[in-house]
Q: 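Attaching a single structure in structure tokens format; questions to follow.
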Amino acid sequence: MPRAGGRFGPAQLRLAMAAPRPAAGLTSEWRLVDGLRTHTRRSTGPDTGAPPVVLVHGLAVSHRYLTPLAVALAATHPVYVPDLPGFGLTEHPHGAYDVRRHAAHLAAWLAAYRLPPVCLLGHSFGAEVTASVAANHPEAVRALVLAGPTSDPVARTRRAQFGRWLLDTLGEAPLQAPVLGRDIWNARPGRVLATLSHSVRNAIEVDLVRTTAPTLVVAGERDPVVPGRWRDQAARLVPNADLVVVPGAPHNVVATAPTAVADAIRHLLAPQPALQDR
């Protein structure tokens with residue numbers, strides 16, 4: 001079982017807030033995708049031939065909190081961190097997208113970048129979006145990582161999700177707060193609440209059972225948003241899935257334990273040894 005390691009301190013905060021300026025090998029670019037000027041933070045390292053990894057953020061947030069994980073992966077993989085429509089530095093569409101519209105935009109983003117089949121990681125609400133892409137566009141997804149996937153069917157209301165999120169804040173690194181504040185300011189509170197309403201009406205299970213890509217479910221041991229019963233159920237629903245629980249980590253495991261998550265992704269993508277004839 002991987003160790004949590006890492007933290008979210010001043011260096012991670014500076015990295016998270018750097019865009020659009022270059023920082024730690026990450027740069028920003030915008031492309032027109034489905035009529036929206038879409039921002040992507042991406043690595044600029046050498047092409048190692050390894051499959052690209054695309055990181056998709058959760059509700060209310062953006063690329064910012066995923067930058068420590070992007071840096072942790074960039075030594076071995078090309079990394080892309082797009083901002084979903086209306087979040088981060090991506091243009092605001094009219095109204096808040098539901099899961100299906102976000103997934104359609106992400107599929108269009110993948111087509112615009114002409115990437116080979118990718119490893120698609122979604123965190124929290126982003127896991128709902130990436131599960132939809134994997135289920136409906138299997139040719140585009142080499143592997144899927146569901147990090148802290150929402151939402152638990154027994155807590156599928158705005159009140160229940162908000163209560164669990166408040167409980168989670170007690171275990172999160174305090175310096176994530178300025179990042180969250182900037183992200184909510186960019187998205188606007190109304191969009192955040194509308195997106196939460198879409199999230200709790202989305203049955204992720206429908207997409208999980210249709211997912212054919214090798215899948216990894218990653219969750220923090222101390223994640224009240226994704227408790228043990230739900231993370232186990234989510235992993236069982238996917239036909240070809242493994243489960244990794246990061247000791248001591250809260251919901252934002254991708255931000256506070258990036259090394260452990262990056263190691264789990266590399267293990268998922270490592271070439272499997274050929275069976276030897278006896």
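Being a predicted model, the structure only gives us computed values, none of them experimental.
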Q: Just checking, is any N or O donor in the side chain of T150 or E128 under 3.5 Å from an acceptor N or O on the other one?
A: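 Yes - a donor-acceptor pair under 3.5 Å links their side chains.
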
Q: I want to check something: taking the side chain as every heavy atom from C-beta on, are L175 and R7 in contact at a cut-off of under 4.5 Å?
A: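 Side chain of L175 against side chain of R7, heavy atoms only: no contact under 4.5 Å found.
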
Q: Can you give me the closest heavy-atom contact between T157 and A160, atom names plus distance?
A: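 For T157 and A160, the tightest heavy-atom pair comes out as OG1-N, 3.0 Å.
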
Q: Nearest 0.5 Å, what's the OG1-CD distance between T212 and E139?
A: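 Here the interatomic distance stands at 9.5 Å.
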
Q: Hydrogens and angles aside, do T76 and R266 bring a side-chain donor and acceptor to less than 3.5 Å of each other?
A: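 Present: a donor and an acceptor within the cut-off.
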
Q: When clusters are formed by joining ILVMFWY residues with side-chain heavy atoms under 4.5 Å apart, either directly or through shared neighbours, do V71 and L69 land in the same one?
A: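 No: no chain of side-chain contacts under 4.5 Å links V71 to L69.
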
Q: Inspect the contact between D98 and R201 and indicate whether a charged nitrogen and a carboxylate oxygen are less than 4.0 angstrom apart.
A: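 D98 and R201: not salt-bridged.
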
Q: Determine whether P85 and R191 make a side-chain contact, defined as any pair of heavy atoms from C-beta on separated by less than 4.5 Å.
A: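 No, their side chains stay 4.5 Å or more apart.
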
Q: Keeping the roles fixed (side chain from W30, backbone from E91), state whether a donor-acceptor pair exists under 3.5 Å.
A: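 Pair absent, no side-chain N/O of W30 close to backbone of E91.
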
Q: Let me confirm one number: the CG-CH2 distance from L180 to W165, rounded to the nearest 0.5 Å.
A: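 Answer rounded to 0.5 Å: 5.5 Å.
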
Q: Run T259 and D263 through side-chain contact (heavy atoms from CB on, under 4.5 Å) and show every step you take.
A: CA-CA 6 Å; T259 301; D263 287 346; 3.9 Å; yes

Q: Between W109 (side chain only) and D83 (backbone N and O only), is there a donor and an acceptor less than 3.5 Å apart?
A: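 Checked: no pair found.
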
Q: Determine whether F125 and L89 fall in the same hydrophobic cluster, where Ile, Leu, Val, Met, Phe, Trp and Tyr are linked whenever their side-chain heavy atoms lie under 4.5 Å apart.
A: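 No, F125 does not connect to L89 through the hydrophobic network.
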
Q: Cluster partners of L167, using ILVMFWY side-chain heavy atoms under 4.5 angstrom, listed by chain and number?
A: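 Traced through the cluster, L167 reaches L170.
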
Q: Going by atom types only, do D34 and H105 share a side-chain donor-acceptor pair under 3.5 Å?
A: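 No.
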
Q: When you look at CZ of R222, are more than 12 heavy atoms from neighbouring residues, nucleotides or ligands closer to it than 6.0 Å?
A: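 It does not: R222 CZ has 12 such atoms or fewer within range.
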
Q: Is the closest side-chain heavy-atom distance between P227 and D152 below 4.5 Å?
A: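 A side-chain contact under 4.5 Å exists here.
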
Q: Among V133, T215, V145, which residue satisfies the side-chain contact (heavy atoms from CB on, under 4.5 Å) criterion with L120?
A: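 Testing L120 for a side-chain contact (heavy atoms from CB on, under 4.5 Å) against V133, T215, V145 leaves exactly one candidate, V133.
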
Q: If you take all heavy atoms of P52 and L115, which pair is closest and at what distance?
A: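 In this case the closest contact between P52 and L115 is CG-CD2, 4.5 Å.
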
Q: Kindly indicate whether the side chain of L13, heavy atoms from C-beta on, has any atom under 4.5 Å from the side chain of F8.
A: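 Yes; the side chains approach each other to less than 4.5 Å.
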
Q: Between H251 and H123, what is the ring plane arrangement, given parallel below 30°, perpendicular above 60°, and tilted in between?
A: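 Judged by the thresholds at 30° and 60°, the geometry between H251 and H123 is tilted.
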
Q: So how far is it from H77 NE2 to I265 CD1, rounded to the nearest 0.5 Å?
A: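 Answer rounded to 0.5 Å: 8.0 Å.
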
Q: Is a side-chain donor or acceptor of Q161 paired with a backbone partner of R158 at a separation under 3.5 angstrom?
A: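 Such a contact is absent between Q161 side chain and R158 backbone.
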
Q: With a 4.5 Å limit on heavy-atom distance, are the side chains of S43 and L26 in contact?
A: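 They are in side-chain contact.
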
Q: If you count every heavy atom of other residues, nucleotides or ligands that lies below 6.0 Å from D242 atom CG, does the total exceed 12?
A: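 Not more than 12 within 6.0 Å, no.
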
Q: Taking Y65 for the side chain and G58 for the main chain, is one N or O donor matched with an acceptor at less than 3.5 Å?
A: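 A pair under 3.5 Å: yes.
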
Q: Please report the closest heavy-atom contact between S151 and R156, naming both atoms and the distance.
A: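 Nearest pair, atom of S151 first, then R156: O-NH2, 2.5 Å.
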
Q: Do L146 and R231 have side chains that approach each other closer than 4.5 Å (heavy atoms only, starting at C-beta)?
A: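 Contact flag for L146/R231 side chains = no.
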
Q: Could you pull out the closest heavy-atom pair between A143 and A213, with the gap in Å?
A: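 It is CA-CB, 4.2 Å.
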
Q: If you measure from CD on Q233 to CG on L237, what distance do you get to the nearest 0.5 Å?
A: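 Rounded to the nearest 0.5 Å, the CD-CG separation comes to 5.5 Å.
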
Q: Any chain of hydrophobic side-chain contacts (each under 4.5 Å) joining V56 to L36?
A: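 Unlinked, V56 and L36 end up in two clusters.
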
Q: Should R100 and D207 count as an ion pair when the cut-off is N to O under 4.0 Å?
A: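 Yes, this pair counts.
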
Q: Do any N or O atoms from the side chain of H137 and from the backbone of S132 form a donor-acceptor pair under 3.5 angstrom?
A: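 Judged by distance alone, no pair lies under 3.5 Å.
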
Q: With rounding to the nearest 0.5 angstrom, report the CG to CZ distance, L15 to R64.
A: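 Between atom CG of L15 and atom CZ of R64 there are 12.0 Å.
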
Q: Counting N and O atoms only, with roles assigned by atom type, does the side chain of T169 sit under 3.5 Å from a partner on the main chain of L166, one being a donor and the other an acceptor?
A: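 Indeed, once roles are kept as given, a pair shorter than 3.5 Å links the two residues.
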
Q: Starting from the C-alpha separation in whole Å, work towards a yes-or-no answer on side-chain contact (heavy atoms from CB on, under 4.5 Å) for F87 and N186.
A: CA-CA 6 Å; F87 295 92; N186 284 150; over 6 Å; no

Q: Drop me the distance from T256's OG1 to Q176's CD, to the nearest 0.5 angstrom.
A: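 T256 OG1 to Q176 CD: 6.0 Å, rounded to 0.5 Å.
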
Q: Are the side chains of V261 and V253 in contact, using a 4.5 Å heavy-atom criterion?
A: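 Result yes, sub-4.5 Å side-chain heavy-atom pair found.
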
Q: In this structure, would L55 and V244 fall into the same cluster of hydrophobic residues linked by side-chain contacts under 4.5 Å?
A: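 Yes, L55 and V244 fall within the same hydrophobic cluster.
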
Q: How close do M17 and P178 get, heavy atom to heavy atom, and via which atoms?
A: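 The pair with the smallest heavy-atom distance is CE-O, 3.7 Å.
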
Q: Can any side-chain N or O of R31 pair as donor or acceptor with the backbone N or O of A112 at less than 3.5 Å?
A: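 Yes: the side chain of R31 pairs with the backbone of A112.
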
Q: Hey, is the main chain of L121 close enough, under 3.5 Å, to the side chain of T130 for a donor-acceptor pair?
A: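 Answer holds: no.
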
Q: Same cluster for V200 and V206 if Ile/Leu/Val/Met/Phe/Trp/Tyr side chains link at under 4.5 Å?
A: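 No, separate clusters.
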
Q: Side chain of D223, backbone of V226: donor and acceptor closer than 3.5 Å?
A: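 Answer holds: yes.
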
Q: Keeping the roles fixed (side chain from T38, backbone from T90), state whether a donor-acceptor pair exists under 3.5 Å.
A: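 Checked: no pair found.
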
Q: Aromatic rings Y113 and Y80: how do their planes relate, parallel, tilted or perpendicular, breaks at 30° and 60°?
A: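 If you compare the ring of Y113 with that of Y80, the planes turn out perpendicular.
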
Q: Would V81 and T67 count as a side-chain contact (heavy atoms from CB on, under 4.5 Å) if you check the C-alpha gap in whole Å, the side-chain angles of each, and the deciding distance to 0.1 Å?
A: CA-CA 8 Å; V81 196; T67 51; 6.0 Å; no

Q: Restricting to non-hydrogen atoms, name the atom on S62 and the atom on H57 that form the minimum distance, rounded to 0.1 Å.
A: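 What the structure gives for the nearest pair is O-CB, 3.3 Å.
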
